[in-house]
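Heavy atoms only: backbone and side chains are in, while hydrogens, waters and symmetry mates are out. Naming: A, B, ... by sequence-line order, numbering from 1 per chain. In this text, all values refer to a predicted model and were calculated from it rather than measured experimentally.
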Amino acid sequence: MNRTEWPLWEIFIRSQHGLAHKHVGSLHAPDPEMAVKNARDVYTRRNEGVSIWVIRSADITASSPGEKEPLFEPANSKVYRHPTFFPMPDEVKHI
Amino acid sequence: MYAQMVDTGAKRVRSLDELSPEERAFQERIDADIKIEPKDWMPEAYRKTLIRQISQHAHSEIVGMLPEGNWITRAPTLKRKAILMAKVQDEAGHGLYLYCAAETLGVSRDELIADLHSGKAKYSSIFNYPTLTWADIGAIGWLVDGAAIMNQIPLCRCSFGPYSRAMIRVCKEESFHQRQGFDIMIRLCQGTPEQKAMAQDALNRWWWPSLMMFGPPDADSVHSAQSAQWKIKILSNDELRQRFVDQTVPQADFLGITMPDPLLEWNDERGHYDFGPIDWQELFNVVKGNGPCNRERLSARVKAWEDGAWVREAALAYAEKQAAKAAKQAA
C-alpha cells in the first residue's frame, strides 16, 4: 500500500512583495513540480500568494521539544538585548 | 458534528491527582491554553482520539463533495455553476488541510483513506441524504455549512496546534459557502410559487438532519467530558444546537418559509427557541450505514480511489525516472 503513497511536501507562501515566505501547510505530490501546482490549488485559491516554495517534509531538520531549555533559555537572562532595558531621560529626544 | 460521537477510549474523566506526572504536565499545559504540537509528548488516548476526530472531519469534507457535485452540471446558470464549482473545490481543500493535520499525529494518508473505505472511519451523517432539487444546494449551504461554522469557530481555539490552524483556514473560507446557499434560498423564495415551494420542501427535508449533525445530547457522555477536558471539544452538542436554532429561525422568517416543527416556539423565559424532540433512532440508523445514500457515497469514493490508482502510480514512476536521470547526469 505504501509504495504508491506520494511523498509529503511542506508549503511556504509569500503573500506580498516584501514579506517573507510563511509556512501554510503540507500536501502530497509525486515530484517538486507537481507539489508547486498542487500548492497553487490548495493554498492560493483566494490570491493568498505571489510566490510558492515547496520542500520535502523528510528533508526538514527540526529542533525537538526536549531541547527547548538549552536552546532558548539563555536568551531569557539577556534582557539588555531589548531597547526598553535602557531608560532614557524624558528630555532626550529621537533615541 | 462533522465529527460525531468520537470515541475517546475513556471510562471516566480523571482528576489531576490521578494522572501520571507526564499526563499531569500535559493537562496543565492544556489548562493554561498552551497549544500541543505534533512532537510534544501526549497521552496515547489523546493522539488516537484526535486521529479519529480529525480524519472523520476530513472524510466529511471529501464525501460532502458528492451531494453537491451532483448539481454542478445542472446548475441553473453559468454563474451559479462557477460558484458551485468553487465551493466544491473549497471542500476538497478543507479535506486536504485536515488530512495533513491528522498525518502530523503519525498516521499515513493511505491508512486514513483505507479506514474510510472499509467503513471503520465515519463521516458526518448529513452527507447520506440525497440532493433531489436545486433548492437542496441552497439548503445545504445555508443549513449544513451554517451548522459546520457553528462547530468550527470554537475549534479554532482547540488544544492541538495543527488542527486549530486548519480550522482557522477553513473558517475563513466557509462563510462564503453559507452565504451562497442563503443567496440561492432568497432567490427561490422571491421567485414563482413553485420555486418558493421547492425552497420549503428542501427546508423540510434538511432541517432535522441538520440538527442531528451536532450529535446526540452529550450531558452524560464520558467521551464528550474527556474531549472537553482535552479542549478538543469546546462547546457541548446541545449548546451548539441551541445556538444554531436561535440564529437560523429568524433567517427562515426572513425567507418566509417555516421549519417543519410544530413545537418550535420562542421561549421568553429562557431567551431561546424551544424545539420539538429529535428522532435519534434516525441518526443512529444513518450512522450505522442505513441512511438513504450510505452505500452510494462510499462506493463512489472507493471507485474514485481505484480508478485513480494508475494515475498515482504513473506519476510516481515518472518522478522516480526523472530523479534517476538527474542523478546519472550529475555523476
Sidechain N-carboxylate O distance under 4.0 Å for A:Arg46, B:Asp90 |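 Salt bridge between A:Arg46 and B:Asp90, a charged N being under 4.0 Å from a carboxylate O: yes.
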Side chain / backbone / both / neither for [X] at chain A, heavy atoms under 4.5 Å:
{"X": "B:Glu173", "answer": "both"}
{"X": "B:Tyr99", "answer": "neither"}
{"X": "B:Arg169", "answer": "side chain"}

Does [atom1] in [X] sit with more than 12 non-hydrogen atoms of other residues, nucleotides or ligands closer than 6.0 Å?
{"X": "B:Glu44", "atom1": "CD", "result": "yes"}
{"X": "B:Lys35", "atom1": "NZ", "result": "yes"}
{"X": "A:Asn47", "atom1": "CG", "result": "no"}
{"X": "B:Arg179", "atom1": "CZ", "result": "no"}
{"X": "A:Ile95", "atom1": "CD1", "result": "no"}
{"X": "A:Trp53", "atom1": "CH2", "result": "no"}
{"X": "B:Lys321", "atom1": "NZ", "result": "no"}

Per-residue contact mode, [X] against chain B (heavy atom under 4.5 angstrom):
{"X": "A:Ala29", "value": "neither"}
{"X": "A:Glu48", "value": "side chain"}
{"X": "A:Pro32", "value": "neither"}

Would you find a donor on one side and an acceptor on the other, under 3.5 Å apart, between the side chain of B:Tyr318 and the backbone of A:Asp31?
->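 A pair under 3.5 Å: no.
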Would you name the heavy atoms of B:Leu316 and A:Pro7 that are closest together and state the gap between them?
->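 Reported closest heavy-atom pair: CD1-CD, 4.2 Å.
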Given side chains that start at C-beta, do those of B:Thr104 and A:Ser26 come closer than 4.5 Å, heavy atoms only?
->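 Side chain of B:Thr104 against side chain of A:Ser26, heavy atoms only: no contact under 4.5 Å found.
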State, yes or no, whether a side-chain contact exists between A:Glu5 and B:Ser108 at a heavy-atom distance under 4.5 Å.
->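 Side chain of A:Glu5 against side chain of B:Ser108, heavy atoms only: contact under 4.5 Å found.
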Kindly compute the distance separating CG (B:Asp110) from CH2 (A:Trp6), expressed to the nearest 0.5 Å.
->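 Answer rounded to 0.5 Å: 11.0 Å.
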Distance (rounded to the nearest 0.5 Å) between A:Ser63 OG and B:Lys39 NZ |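 A:Ser63 atom OG to B:Lys39 atom NZ measures 7.0 Å (nearest 0.5 Å).
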